[in-house]
Colleague: 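Sharing a structure with you now.
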Amino acid sequence: MAPMTSPVPTVGFDLDMTLIDSRPGIRACYLALSEHTGTYVDADLAVTRLGPPLADELAHWFPPERIEQAAELYRELYPQTAIAPTLALPGAREAVASVRRAGGRAIVVTAKFEPNAKLHLEHLGIEPDAVIGGLWAEQKAEALREHDARVYVGDHLGDVRGARAAGALSVAVATGPCGAQELRAAGADVVLADLTAFPRWFADHLGGRA
């Protein structure tokens, strides 16, 4: 009899500071937002705390009654200011491709405005099977469960919480604002230095499941 094998799992990936280094683009967008609104935003500080929803960052600079309007303008400015300067992080394309090459599905689940997330991926030639935006931390579990994702890869403590809420394996990369020790303490099942280590880890993970 042929040996029984488990299906290749769907793998979810976060976007900012997991697949892409969006700091140069987001910095440019905040500078443009400041210019258009006349409100000072410390763009260099803002890009050190990427991960949470846009409104959380805008609350540091705008009064509550102006946050929604500022967010709308930010999203309008984003395509022409933030896409071109943003780079793929090392191993990003290879990590997504390794899942698809093994017969699995790779999805992106991010807090970023979904149309802008798709622009980044298209510009950089990263090709997931689905992109779901506007979800942060435990909210990400909704999309992970819907797509039956058994692994979620992210750089932030919120990504670890999202994976755990979905009952998925939490794979953390230390390429964002959270260090490896902090990610482990938050409950990450696996911590990698960056995505260059992911294809080998994923192959070993599949071998262990067979």
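Bear in mind that the values here come from a model prediction, so they are computed numbers and not experimental data.
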Colleague: May I ask you to test the Glu57-Phe62 pair for a side-chain heavy-atom distance under 4.5 Å?
Modeller: no
Colleague: Is there side-chain contact between Leu19 and Leu195, with at least one heavy-atom pair below 4.5 Å?
Modeller: yes
Colleague: Does Tyr78 reach the side chain of Phe113, with side-chain heavy atoms less than 4.5 Å apart?
Modeller: no
Colleague: With side chain to side chain contact (heavy atoms under 4.5 Å, CB included) as the criterion, how do Lys112 and Asp14 come out once you've worked through the C-alpha distance, each side chain's angles and the decisive distance to 0.1 Å?
Modeller: CA-CA 10 Å; Lys112 190 178 292 296; Asp14 176 50; over 6 Å; no
Colleague: Quick one, Asp155 with Thr18, criterion side-chain hydrogen bond (donor to acceptor under 3.5 Å, both in side chains). Give me CA distance, side-chain angles, the key distance, then yes/no.
Modeller: CA-CA 6 Å; Asp155 67 283; Thr18 297; 2.8 Å; yes
Colleague: Give, for atom CD1 of Ile67 and atom CD of Gln69, the distance between the pair rounded to the nearest 0.5 Å.
Modeller: 11.5 Å
Colleague: Can you give me the closest heavy-atom contact between Ala172 and Ala188, atom names plus distance?
Modeller: CB-CB, 3.9 Å
Colleague: Can you tell me how far CG of Leu77 sits from OG1 of Thr37, rounded to the nearest 0.5 angstrom?
Modeller: 9.5 Å
Colleague: If you compare all heavy atoms of Leu144 against all heavy atoms of Gly162, which two are closest, and at what distance to 0.1 Å?
Modeller: CD1-O, 3.9 Å
Colleague: Are there over 12 heavy-atom neighbours, none belonging to Glu127, within less than 6.0 Å of that residue's CD?
Modeller: no
Colleague: If two hydrophobic side chains count as joined below 4.5 Å and joins carry through other members, does Ile126 share a cluster with Val11?
Modeller: yes
Colleague: With Ser22 as reference, evaluate Thr86, Asp16, Asn116 under the side-chain hydrogen bond (donor to acceptor under 3.5 Å, both in side chains) test and give the passing residue.
Modeller: Asp16
Colleague: Would Phe198 and Phe13 satisfy ring-ring contact (aromatic ring centres under 6.0 Å, His included), going step by step from the backbone distance to the final call?
Modeller: CA-CA 11 Å; Phe198 180 85; Phe13 292 88; 5.5 Å; yes
Colleague: Counting only heavy atoms not in Glu68 (residues, nucleotides, ligands), do more than 12 fall under 6.0 Å from its CD?
Modeller: no
Colleague: Counting only heavy atoms from other residues, nucleotides and ligands, does the tally under 6.0 Å from CD of Glu65 exceed 12?
Modeller: yes
Colleague: Got a second to check how far Arg150's CZ is from His205's NE2, nearest 0.5 Å?
Modeller: 10.0 Å
Colleague: Going through the distances and angles, do Leu183 and Leu157 end up as a side chain to side chain contact (heavy atoms under 4.5 Å, CB included)?
Modeller: CA-CA 6 Å; Leu183 292 163; Leu157 303 186; 4.0 Å; yes
Colleague: Using ring-ring contact (aromatic ring centres under 6.0 Å, His included), reason through Tyr74 and His36 one step at a time and then give a plain yes or no.
Modeller: CA-CA 10 Å; Tyr74 175 96; His36 278 74; over 10 Å; no
Colleague: Would Arg66 and Thr39 count as a side chain to side chain contact (heavy atoms under 4.5 Å, CB included) here? Give the steps.
Modeller: CA-CA 11 Å; Arg66 293 186 60 200; Thr39 298; 3.2 Å; yes
Colleague: Same cluster or not: Val47 versus Leu54, using hydrophobic residues (I, L, V, M, F, W, Y) connected whenever any side-chain heavy atoms lie under 4.5 Å apart?
Modeller: yes
Colleague: Side chains of Ile132 and Lys140: does their closest heavy-atom pair fall under 4.5 Å?
Modeller: no
Colleague: Looking at Arg161 and Asp159, is any side-chain nitrogen of the basic one under 4.0 Å from a carboxylate oxygen of the acidic one?
Modeller: no
Colleague: If we ignore hydrogens and angles and just use 3.5 Å, is the side chain of Arg164 paired with the main-chain N or O of Gly187 as donor and acceptor?
Modeller: yes
Colleague: If you take all heavy atoms of Arg49 and Pro52, which pair is closest and at what distance?
Modeller: O-CD, 3.6 Å
Colleague: Taking a hydrophobic cluster as the set of Ile, Leu, Val, Met, Phe, Trp and Tyr residues connected by side-chain heavy atoms closer than 4.5 Å, whether directly or through intermediates, do Leu121 and Leu87 fall within one such cluster?
Modeller: no
Colleague: Mind checking the CZ-CG spacing from Arg23 to Asp44? Nearest 0.5 Å is all I need.
Modeller: 11.0 Å
Colleague: Of all heavy-atom pairs between Ala95 and Ser98, which one has the smallest distance, and what is that distance?
Modeller: O-OG, 2.7 Å
Colleague: Mind checking the CG-CE spacing from Leu89 to Met17? Nearest 0.5 Å is all I need.
Modeller: 5.5 Å
Colleague: Give a yes or no on whether Ile83 and Val108 share a hydrophobic cluster (residues Ile, Leu, Val, Met, Phe, Trp, Tyr; joining criterion: side-chain heavy atoms under 4.5 Å apart).
Modeller: no
Colleague: Go through it in stages, so that I can follow the logic: the residues are Arg100 and Asp129, the test is side chain to side chain contact (heavy atoms under 4.5 Å, CB included), and I'd like the CA-CA distance, side-chain angles, deciding distance and then a yes or no.
Modeller: CA-CA 9 Å; Arg100 301 185 73 189; Asp129 294 283; 3.4 Å; yes
Colleague: For the residue pair Ser170 and Ala163, what are the closest heavy atoms and their distance?
Modeller: CB-CB, 3.7 Å
Colleague: Would you compute the distance between atom OH of Tyr152 and atom NE2 of His147 and round it to the nearest 0.5 angstrom?
Modeller: 12.0 Å
Colleague: Please examine the side chains of Leu33 and Leu73, heavy atoms only from C-beta on, and report whether any two atoms are closer than 4.5 Å.
Modeller: yes
Colleague: Is there a donor-acceptor pair under 3.5 Å between the side chain of Thr81 and the backbone N or O of Ala28?
Modeller: no
Colleague: Using a 3.5 Å distance criterion without hydrogens, assess whether the side chain of Arg105 forms a donor-acceptor pair with backbone atoms of Val99.
Modeller: no
Colleague: Counting heavy atoms not belonging to Gln80, are there more than 12 under 6.0 Å from its CD?
Modeller: yes
Colleague: With the threshold set at 4.0 Å, does a side-chain nitrogen-carboxylate oxygen contact exist between Lys118 and Glu114?
Modeller: yes
Colleague: Side chains of Leu124 and Ile20: closer than 4.5 Å at any heavy-atom pair?
Modeller: yes
Colleague: Using the rule that Ile, Leu, Val, Met, Phe, Trp and Tyr join whenever any side-chain heavy atoms are under 4.5 Å apart, tell me whether Val109 and Val131 fall into a single cluster.
Modeller: no
Colleague: Considering non-hydrogen atoms only, spot the tightest contact between Arg145 and Ala165 and give its length.
Modeller: NH1-O, 3.1 Å
Colleague: Do His156 and Cys178 come within less than 4.5 Å of each other through their side chains, counting heavy atoms only?
Modeller: yes
Colleague: Between Thr175 and Asp194, is there a donor-acceptor pair closer than 3.5 Å when you use the side chain of the first and the backbone of the second?
Modeller: no
Colleague: Is the number of heavy atoms from other residues, nucleotides or ligands within 6.0 Å of CZ (Arg200) greater than 12?
Modeller: no
Colleague: For a 4.5 angstrom cut-off between non-hydrogen side-chain atoms, does Thr10 reach Ile107?
Modeller: yes
Colleague: Examine distances only and state if a side-chain atom of Arg184 and a backbone atom of Gly179 form a donor-acceptor pair shorter than 3.5 Å.
Modeller: no
